[in-house]
Peer 1: 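Please see the structure below; I have some questions.
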There are 2 protein chains.
Amino acid sequence: MAEDDKSHLTLRDVSEASGVSEMTVSRVLRNRGDVSAKTRARVLEAARRLGYVPNKIAGALASNRVNLVGVVIPSLSNFVFPDVLTEISRGLEETPLQPVFGTSHYDLEIEEKVIYEMLSWRPSGLIVAGLEHTDAARAMMRNCGVPVVEIMDVDGSPVDANVGISHRRAGRDMARTILAAGYRRIAYMGTVKAEDYRAAKRLEGFEQALAEAGIRFEMREHYAGGSDFRKGREMAEAVLARAPEVDFIYCSNDMIGAGAMLHCLEAGIDVPGRLGLAGFNGIDLLEGLPRRLTSMDACRAEIGAAAARIVAARALGEGDEPQRIEFAPRLIHGETLRSR
Amino acid sequence: MAEDDKSHLTLRDVSEASGVSEMTVSRVLRNRGDVSAKTRARVLEAARRLGYVPNKIAGALASNRVNLVGVVIPSLSNFVFPDVLTEISRGLEETPLQPVFGTSHYDLEIEEKVIYEMLSWRPSGLIVAGLEHTDAARAMMRNCGVPVVEIMDVDGSPVDANVGISHRRAGRDMARTILAAGYRRIAYMGTVKAEDYRAAKRLEGFEQALAEAGIRFEMREHYAGGSDFRKGREMAEAVLARAPEVDFIYCSNDMIGAGAMLHCLEAGIDVPGRLGLAGFNGIDLLEGLPRRLTSMDACRAEIGAAAARIVAARALGEGDEPQRIEFAPRLIHGETLRSR
DNA sequence: CGAATTACTGTTTGCGCTAACAGAATGGTT
DNA sequence: AACCATTCTGTTAGCGCAAACAGTAATTCG
């Protein structure tokens with residue numbers, strides 16, 4: 001393939017090697033404009049022989065077009081986001097657009113920096129998780145001149161387009177389902193991260209529905225750090241030791257919920273008879289555990305796909321999609337909730 | 001913050017707004033060269049007021065420096081890779097470098113395209129998972145003029161730098177450990193993907209060690225698609241139904257292994273007495289399952305960190321790191337392997 | 001006090017490419 | 001033969017920024 005080590009090959013090198021102008025080479029390599037079959041072949045041969053790789057930096061500057069879409073998410077170690085990313089990638093596959101990822105570690109200041117970095121590459125669009133941002137970040141997104149889609153959450157005021165679910169409603173619906181199943185002494189286990197706005201909104205909706213039924217949490221147990229089975233186990237044990245009367249534990253996510261379930265089964269607790277459990281996210285990876293955990297699908301596949309569609313449509317100027325899409329989180333009844 | 005909608009602010013706009021030359025603005029914004037405190041303040045104020053975001057495309061073209069590091073991995077839906085990415089990000093945090101990710105879906109042709117795309121942005125370095133590539137991809141990496149680190153695997157010939165573990169050795173070591181524990185009727189459960197070269201190498205090493213002990217697999221069960229508990233359960237059930245004499249199942253990864261474990265426990269099979277189980281990757285997320293699965297740590301944190309270090313050192317010209325690093329996969333004995 | 005140094009700011013040039021336009025070659029039509 | 005349309009190729013200019021160099025003013029020093 002490549003023969004030359006002079007690692008700064010330019011259009012000029014290819015044009016000299018093939019005996020045509022730089023412009024013609026450019027046209028061939030971009031499939032733009034008419035070029036005779038013979039010339040095309042010569043150019044392609046030369047490019048391949050030299051191992052030429054076009055310089056998109058220069059191309060982007062000259063054409064004022066950058067086929068990148070910035071995607072800003074809180075973290076990669078949370079199941080949810082890799083899923084969404086995968087779906088966004090798939091959604092952009094048929095377009096000339098390419099996603100570029102950045103993570104904010106659930107920190108709005110970092111998020112602001114990441115957005116700034118992304119915008120400094122003048123992408124064709126931006127997809128950002130969540131509706132909470134610093135003022136500066138919001139201003140940048142408002143003025144960047146490209147489509148911005150805020151995803152995952154719809155409880156708030158988007159800067160531009162918005163695709164997600166209502167986490168408040170998700171919490172409320174889950175609470176009502178649990179109450180309808182007859183549980184009354186309910187505990188919460190969730191992250192202590194104030195920056196997980198969506199978990200906070202679910203909790204808020206949940207508590208609101210409880211309040212409407214004249215009920216309050218028996219207790220709330222918080223944790224810091226990542227979510228895994230072990231943490232769920234330990235916390236469930238602690239909760240049940242301190243408040244044995246509890247008959248349901250609502251968990252802020254599926255990993256914790258599954259850990260709690262594993263503890264209960266091992267401790268010989270009747271699930272869902274004596275104690276019910278529910279999580280959030282509908283992580284299908286967990287299918288195959290001894291009991292299917294009651295959960296709620298966050299529609300992350302749909303969200304990723306819709307966000308990709310909106311950005312693509314707007315960036316490529318092919319008509320405008322509806323700009324606000326709210327999906328309805330689907331209850332996954334599972335086997336850790338009495339059905340009656 | 002921003003006031004103007006004219007979304008194409010340039011250095012000139014800031015320079016006019018602050019009454020200095022473009023060059024001085026550029027210097028202020030990059031903290032390069034001496035600028036008086038007064039001028040600096042004026043420029044910063046103007047930039048902030050206008051909502052100016054520098055154009056890195058232009059900056060990169062002019063300076064011939066792009067502070068991006070391309071990272072090419074097979075997939076995001078595999079635990080392992082988000083982990084490595086996170087570690088690479090962390091490793092680059094203290095440098096001016098920023099990672100940019102792309103996925104190949106375990107397809108070398110796609111990988112070639114992704115590498116081509118990445119190189120067309122003229123990054124400061126490239127980190128690629130695996131040692132298997134198309135000839136064209138290898139040629140591009142050889143001639144791109146920036147540090148290239150192939151990660152995860154060391155069984156093969158790297159183009160440039162290389163950090164990883166020997167999967168062959170990992171398989172061999174695991175087999176020996178299993179044999180030493182007295183198991184003799186061994187089955188394999190793994191992906192059918194011929195493109196998962198590392199899993200194939202582990203299998204190869206494993207079989208070699210078995211052969212040295214005069215043993216062959218009782219059976220090999222393959223599956224396609226993603227790895228989850230359910231699949232592990234189903235396959236374990238199938239294996240034990242067809243070959244009840246099997247006393248150990250070696251699984252190509254932890255998810256499958258954990259699924260198999262869940263099946264066995266539910267079926268009342270004595271683990272590890274009657275049947276032993278092992279996986280691969282040492283996924284700590286799984287801690288908290290009823291039994292700790294025997295596994296092998298793939299050193300993905302160390303690999304990510306080392307790759308980041310090498311790229312940073314080479315790209316920033318701060319001396320050269322050792323170019324080939326092999327980590328030793330650590331056995332995680334777990335509770336699904338007899339200890340004797 | 002003049003020269004040398006330092007501190008700061010400006011000018012010119014070009015990175016590698018593409019948009020826009022201009023021109024040449026070819027073929028068909030009247 | 002003159003004309004036009006079509007097909008192909010080349011020329012010019014400039015995208016927004018930073019490197020290199022060129023000042024100018026303020027300060028230091030012998």
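Throughout, protein chains are lettered first and strands after them, A, B, ... in sequence-line order, and every chain is numbered starting at 1. Values below: every heavy atom of this structure, side chains too, minus hydrogens, waters and symmetry copies.
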Peer 1: Examine C/dC17: is either OP1 or OP2 under 4.0 Å from a nitrogen or oxygen in the side chain of A/Arg30? Give yes or no.
Peer 2: no

Peer 1: From D/dT9, D/dA18, C/dG16, pick the nucleotide closest to the side chain of A/Thr10?
Peer 2: C/dG16

Peer 1: Hey, are B/Arg12 and B/Glu16 close enough for a salt bridge, meaning a charged N less than 4.0 Å from a carboxylate O?
Peer 2: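 Judged by the 4.0 Å cut-off on N to carboxylate O distance, B/Arg12 and B/Glu16 do form a salt bridge.
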
Peer 1: Calculate the interatomic distance between A/Asn64 atom CG and D/dG16 atom P; express it in whole Å.
Peer 2: 7 Å

Peer 1: Which residue in the set B/Asn31, B/Thr24, B/Asp34 passes side-chain hydrogen bond (donor to acceptor under 3.5 Å, both in side chains) when paired with B/Arg40?
Peer 2: B/Asn31

Peer 1: Within the structure shown, what part of the strands sits under 4.0 Å from B/Leu11 by heavy-atom distance: base, sugar-phosphate, or nothing?
Peer 2: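 Sugar-phosphate, no base atom in range.
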
Peer 1: Report yes if at least one side-chain N or O of A/Ser21 is closer than 4.0 Å to OP1 or OP2 of D/dG10; otherwise report no.
Peer 2: yes

Peer 1: Quick one: B/Ile57 CD1 to D/dC15 P, roughly how many Å, whole number?
Peer 2: 15 Å

Peer 1: Please figure out whether B/Glu22 or B/Ala62 has its closest DNA chain C nucleotide nearer the 5' end.
Peer 2: B/Glu22

Peer 1: How many whole angstroms separate atom CZ of B/Arg42 from atom P of C/dC8?
Peer 2: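 Atom CZ in B/Arg42 sits about 14 Å away from atom P in C/dC8.
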
Peer 1: Would you kindly give the CG-to-P distance between B/Leu9 and D/dC15, to the nearest whole Å?
Peer 2: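 Taking atom P of D/dC15 as the reference, CG of B/Leu9 is at 15 Å.
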
Peer 1: Closest approach of B/Pro74 and B/Arg198, non-hydrogen atoms and distance?
Peer 2: CG-NH2, 3.7 Å

Peer 1: Tell me the interatomic distance from B/Arg12, atom CZ, to D/dG14, atom P, rounded to whole angstroms.
Peer 2: 13 Å

Peer 1: Closest nucleotide of DNA chain C for B/Ser63 versus for A/Arg32: which of these residues is on the 5' side?
Peer 2: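 Checking each residue's closest nucleotide, the 5'-ward one belongs to B/Ser63.
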
Peer 1: From CZ of A/Arg40 over to C1' of D/dC8, roughly how many Å is that when rounded to an integer?
Peer 2: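 That distance rounds to 12 Å.
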
Peer 1: Starting from C1' on C/dC15, measure out to CG on A/Asn55 and report it in whole angstrom.
Peer 2: 9 Å

Peer 1: Does B/Thr39 have a side-chain nitrogen or oxygen under 4.0 Å from the phosphate oxygens OP1 or OP2 of C/dT9?
Peer 2: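 Answer is yes, contact under 4.0 Å.
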
Peer 1: Roughly how many Å is it from CH2 in B/Trp121 to C1' in C/dC17, rounded to a whole number?
Peer 2: 12 Å

Peer 1: Report yes if at least one side-chain N or O of A/Ser26 is closer than 4.0 Å to OP1 or OP2 of C/dC17; otherwise report no.
Peer 2: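 Looking at the OP1 and OP2 atoms of C/dC17, neither is under 4.0 Å from any side-chain N or O of A/Ser26.
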
Peer 1: Provide the closest heavy-atom pair for B/Ser18 versus B/Val25 in the form atom of the first, atom of the second, distance.
Peer 2: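 Taking every non-hydrogen atom into account, OG-CG2, 4.2 Å.
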
Peer 1: Would you say the side chain of A/Arg27 and the base of D/dG10 hold a donor-acceptor pair, judged only by whether the two atoms sit under 3.5 Å apart?
Peer 2: yes

Peer 1: Any side-chain N or O of B/Arg65 under 4.0 Å from OP1/OP2 of C/dC15?
Peer 2: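 No, no such contact exists.
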
Peer 1: Can you see if the side chain of B/Ser36 gets near the phosphate of C/dC8 - specifically, an N or O under 4.0 Å from OP1 or OP2?
Peer 2: no

Peer 1: Does A/Glu22 offer a backbone N or O that forms a donor-acceptor pair with the side chain of A/Ser26 under 3.5 Å?
Peer 2: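 A pair under 3.5 Å: no.
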
